[in-house]
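Accompanying notes for the structure given below.
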Amino acid sequence: MEQKQVNSRRPWVVGVSGASGTPYAAAVLRGLLAAGESVDLVVSRASRLTLLDETGIAFRDAHWQEDLRQWLARGADGKPDSFDADVSDVRHWAAGDLAAGPSSGSYPVKGMLIVPASTACVAGVALGLSKDLLQRAASVTLKERRPLVVAVRETPLNGQTLKHLVTLDEAGAVVLPASPAFYAGATHIQDLVDFVAGRVLDAAGVPHRLYRRWKGELGGGSGGD
């Protein structure tokens, strides 16, 4: 794969917080890379515990490419080597690195996707806490008026979290609950995961073929094209 010029690279920042739903993040990352997009990845400390619990994969800064490749190759059903994973156009930033590129508005990016977003992450971004690189990058995305998609993954939602989500909406973010639909004819868990990932990419304006789109015909998801 031909390496892109540094001065022309404009990645999507993908932040992975500690909410359950690491298969959503994997599907979004695969979708971005399949669309030819560059990715800057921030994996929070809490999300590494979730990733270990949900997949058995330990995400290590020193071996992030190996660990990321293993993660993206894994299906939502837990089967390894379900997907090809080319991570050559991914740049990883440690969550504690507040001097990283995405912490500055002068660093060129297309926008940011937080998948999944925990309620703690939602609160931190809404309040502008910037306690780690993920939150700082999200705050920068908002202040620079770049696209920010927040795929919140929690249920039920309490009043305080709902207020934080309204704050994000008013600041220009797209609040996208990780809520799969069934009209696309899902038959496997991966189909449900891909639906949510596809809606995240839709919100970012990134083309994909992760799910069957609604065509205005009842029963369209029950079989056939």
Side-chain angles (χ1 to χ4, degrees), residues 12 14-35 37 39 41-44 46-59 64-87 90 113-122 134 149-157 161 165 174-204 206-215 217-225:
W12 284 95
V14 176
V16 186
S17 79
S20 176
T22 55
Y24 291 131
V28 166
L29 287 166
R30 287 193 298 265
L32 287 170
L33 296 173
E37 300 286 346
V39 172
L41 178 63
V42 182
V43 181
S44 76
S47 71
R48 298 175 192 224
L49 297 176
T50 306
L51 180 63
L52 182 62
D53 183 57
E54 293 185 345
T55 69
I57 297 171
F59 193 90
W64 70 267
Q65 287 179 310
E66 174 187 344
D67 298 335
L68 178 61
R69 191 176 294 109
Q70 182 182 1
W71 178 19
L72 298 192
R74 184 185 181 91
D77 58 2
K79 293 181 180 179
D81 302 320
S82 296
F83 299 95
D84 293 326
D86 180 2
V87 300
V90 179
L113 316 175
I114 306 178
V115 188
S118 67
T119 55
C121 173
V122 166
L134 194 160
V149 182
V150 180
V152 60
R153 215 305 307 163
E154 184 60 271
T155 190
L157 298 172
T161 297
L165 292 173
V174 174
V175 175
L176 195 152
S179 177
F182 295 85
Y183 62 76
T187 57
H188 302 284
I189 186 174
Q190 189 67 54
D191 298 330
L192 298 175
V193 168
D194 285 348
F195 179 87
V196 172
R199 295 299 286 149
V200 171
L201 296 178
D202 286 346
V206 176
H208 67 87
R209 299 182 66 181
L210 288 175
Y211 69 88
R212 180 188 292 131
R213 297 185 181 277
W214 175 252
K215 297 181 180 179
E217 299 175 3
L218 294 177
S222 60
D225 293 332

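Values below: every heavy atom of this structure, side chains too, minus hydrogens, waters and symmetry copies.
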Measure up the Phe195 and Tyr211 rings against each other and bin them: parallel (under 30°), tilted (30 to 60°), perpendicular (over 60°). tilted
Quick one: [atom1] on [X] to [atom2] on [Y], what's the gap to the nearest 0.5 Å?
X: Trp64; Y: Trp71; atom1: CH2; atom2: CH2; result: 12.0 Å
X: Glu54; Y: Arg74; atom1: CD; atom2: CZ; result: 10.0 Å
X: Arg153; Y: Thr155; atom1: CZ; atom2: OG1; result: 7.5 Å
X: Asp84; Y: Arg69; atom1: CG; atom2: CZ; result: 11.5 Å
X: Asp67; Y: Leu51; atom1: CG; atom2: CG; result: 8.5 Å

Heavy atoms, side chains only, cut-off 4.5 Å: are [X] and [Y] in contact?
X: Tyr24; Y: Pro180; result: yes
X: Phe182; Y: Leu192; result: yes
X: Val16; Y: Pro116; result: yes
X: Leu72; Y: Leu33; result: yes
X: Ile57; Y: Thr22; result: no
X: Leu68; Y: Val43; result: no
X: Leu165; Y: Thr161; result: yes

When Val200 is tested against each of Val174, Ile114, Leu176, Leu210 for side-chain contact (heavy atoms from CB on, under 4.5 Å), which residue passes? Leu176
Tell me the closest heavy-atom pair linking [X] and [Y], and the distance in Å.
X: Ser44; Y: Gly18; value: OG-N, 3.7 Å
X: Val122; Y: Ala117; value: CG2-CB, 4.2 Å
X: Tyr183; Y: Arg212; value: CE1-O, 4.2 Å
X: Val149; Y: Ala204; value: CG2-N, 4.4 Å
X: Ala35; Y: Pro207; value: CB-O, 3.7 Å

Using modelled atom types only, decide if a donor and an acceptor are shared between the side chain of Ser17 and the backbone of Ser118 within a distance under 3.5 Å. yes
In this structure, are over 12 heavy atoms from other groups packed under 6.0 Å from Ile189 atom CD1? no
Enumerate the salt bridge (Lys or Arg N to Asp or Glu O under 4.0 Å) contacts for residues 191-204, please, sequence neighbours excluded, ordered by first and then second residue. Arg199-Asp202, Asp202-Arg213
